Amino acid sequence: TQGMKVLLDPGHGGEDCGAKGKIWYKVKKRKKLSILCEKEVALKIAKLIKKYIDKSKHSAYLTRISDKTLTLEKRSKMADKIKADIFVSIHLNASEASSSHGFETYYLDNHKEAAIHKIEKVENQDVTGENKVINTILADLVVQRVAPRSKELGSFVHNSLTPTLSKRYKLTDRGLKPGLFYVLALSKRPSILLEAGFLTNSKEIKLLNDPWFQRVYAKKVARGIVQYLDKYSQPSLF
């Protein structure tokens, strides 16, 4: 059987730090402050997910392998270029309330839920001609066509993450949710967006910055992706 292709998209990069979190560390009995950017952690996690997927019969590619600025359009065009079967965007959350916590998975769907629009605004802010893009996406039947598969992909990945993150790491499961993210919609294929946790939460940022946790998270994401791809790359019996 032939393997399938995954395009992994580490969010932000270059001039765009993404969400920011503060980490305090000790240097010679003095506390020093370090700022952690979403773009750095997203790239580390994406590279690990790629490593685990590449051990299966499927193959993974990255929209960026270094710290560079990429438009949402460029990210989505790469999906066409490599003929990706699915698109997975990796992000970390932020909130004005430092108590916000937990992990969540979004799948592409052109719903109109106001609650979710808040997070979409953050991830969608570097789009040019915003209204034009929104209208073309909302009118685009592509989203309707890939929404059921996107939800299924999201379920595989979220279900793979939940037992470990909830039990071992006591992270709150914020659920699998529909979202209209331009970067997903423009990719025109089954797509999900991961929010691994909150950089603005003092407990979660330590976890998200921990290489061991990054490996565990990536491994579970890769497992869910591979389970989904295996389902659709089985040879037909008829």
Side-chain angles (χ1 to χ4, degrees), residues 1-11 13 41-66 68 70 72 74-92 103-109 142-143 145-169 173 176 179 181 183-196 211-238:
T1 57
Q2 220 178 340
M4 294 171 89
K5 290 177 184 173
V6 184
L7 183 58
L8 299 167
D9 173 43
V41 185
L43 182 60
K44 283 177 185 168
I45 291 173
K47 283 179 173 174
L48 288 164
I49 297 171
K50 173 179 164 37
K51 193 180 93 178
Y52 291 123
I53 291 172
D54 286 342
K55 287 180 178 171
S56 71
K57 65 177 178 184
H58 310 291
S59 47
Y61 300 80
L62 294 164
T63 55
R64 63 180 181 94
I65 52 168
S66 60
K68 66 172 185 179
L70 275 182
L72 297 185
K74 267 206 182 114
R75 292 170 197 267
S76 52
K77 276 191 183 128
M78 280 179 75
D80 282 335
K81 200 173 164 187
I82 68 157
K83 297 186 168 63
D85 294 285
I86 62 168
F87 184 90
V88 178
S89 201
I90 296 112
H91 288 260
L92 294 104
F103 64 98
E104 54 199 3
T105 306
Y106 287 88
Y107 62 89
L108 177 63
D109 199 356
V142 159
V143 177
R145 202 185 73 228
V146 300
R149 285 271 182 106
S150 296
K151 189 175 185 179
E152 191 181 3
L153 168 62
S155 299
F156 272 109
V157 172
H158 200 76
N159 292 342
S160 176
L161 283 168
T162 302
T164 305
L165 297 192
S166 301
K167 289 191 183 111
R168 193 193 305 178
Y169 292 104
D173 176 5
L176 173 67
F181 297 95
V183 71
L184 302 189
L186 293 168
S187 83
K188 298 187 176 66
R189 49 209 10 99
S191 305
I192 58 171
L193 185 140
L194 305 169
E195 294 279 2
W212 182 257
F213 175 80
Q214 290 169 1
R215 280 201 293 275
V216 171
Y217 181 86
K219 203 171 199 172
K220 297 300 175 188
V221 169
R223 195 183 81 175
I225 290 171
V226 168
Q227 284 171 338
Y228 170 88
L229 295 177
D230 281 350
K231 181 182 172 181
Y232 287 106
S233 63
Q234 293 297 346
S236 173
L237 298 171
F238 304 101

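The figures that follow rest on heavy atoms only: side chains count, while hydrogens, waters and symmetry mates do not. What you see is a predicted model, and the numbers here were worked out from it, not measured in a lab.
The line from CG of Leu92 to CD of Glu195 is 7.0 Å long, rounded to the nearest 0.5 Å. Ile86 CD1 to Leu229 CG: the interatomic distance, rounded to the nearest 0.5 Å, is 4.5 Å. Rounded to the nearest 0.5 Å, atoms OH (Tyr61) and CD1 (Ile82) are 6.0 Å apart. We find the CD-CD distance between Gln227 and Glu152 to be 11.5 Å, quoted to the nearest 0.5 Å. If you take OG1 on Thr63 and NZ on Lys68, they are separated by 8.5 Å, rounding to the nearest 0.5 Å. Considering OG of Ser233 and CG of Asp85, their distance stands at 9.0 Å, rounded to 0.5 Å.
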Under 3.5 Å, sequence neighbours excluded: what are the donor-acceptor pairs made by side chains of residues 211-225?
residue : atom : partner : partner atom : Å
Gln214  : NE2  : Leu208  : O            : 2.9
Arg223  : NE   : Ser160  : OG           : 3.3

Between side-chain atoms of residues 43-52 and protein atoms elsewhere (two or more places apart, or another chain), which donor-acceptor pairs fall under 3.5 Å?
residue : atom : partner : partner atom : Å
Lys47   : NZ   : Ile65   : O            : 3.1
Lys50   : NZ   : Asp54   : OD2          : 2.7
Lys50   : NZ   : Ala60   : O            : 3.0

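The two residues Pro190 and Leu153 come nearest to each other via the heavy atoms O-CD2, 4.1 Å. Shortest non-hydrogen contact noted between Ala42 and Ile90 is CB-O, 3.5 Å. Shortest non-hydrogen contact noted between Tyr107 and Ala147 is CD1-O, 4.3 Å. Between Leu7 and Leu62, the shortest heavy-atom contact is CD1-C, 4.0 Å. When all heavy atoms are compared, the tightest approach of Gly11 to His91 is CA-CE1, 3.6 Å. Between Pro148 and Arg145 the shortest heavy-atom distance is CD-O, 3.6 Å.
Looking only at side-chain heavy atoms (C-beta outward), Val226 and His58 come within less than 4.5 Å of each other. Side-chain contact between Asp9 and Phe87 is present, with at least one heavy-atom pair separated by less than 4.5 Å.
Under the side-chain hydrogen bond (donor to acceptor under 3.5 Å, both in side chains) criterion, Arg189 pairs with Asp80, not counting sequence neighbours.
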>> His158 vs Asp173, test: side chain to side chain contact (heavy atoms under 4.5 Å, CB included). Steps then yes/no.
In response: CA-CA 9 Å; His158 200 76; Asp173 176 5; 2.6 Å; yes

> Run the side chain to side chain contact (heavy atoms under 4.5 Å, CB included) check on Ser155 and Leu176 step by step: do they pass?
Replying inline: CA-CA 7 Å; Ser155 299; Leu176 173 67; 3.3 Å; yes

>> Quick one, Lys231 with Phe156, criterion side chain to side chain contact (heavy atoms under 4.5 Å, CB included). Give me CA distance, side-chain angles, the key distance, then yes/no.
In response: CA-CA 11 Å; Lys231 181 182 172 181; Phe156 272 109; 4.3 Å; yes

>> Using side chain to side chain contact (heavy atoms under 4.5 Å, CB included), reason through Leu194 and Val88 one step at a time and then give a plain yes or no.
In response: CA-CA 8 Å; Leu194 305 169; Val88 178; 4.0 Å; yes

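Side-chain N or O atoms of Ser150 include one that pairs as donor or acceptor with a backbone N or O of Ser191 at under 3.5 Å. With Arg75 contributing its side chain and Pro10 its backbone, the two residues share a donor-acceptor pair below 3.5 Å.
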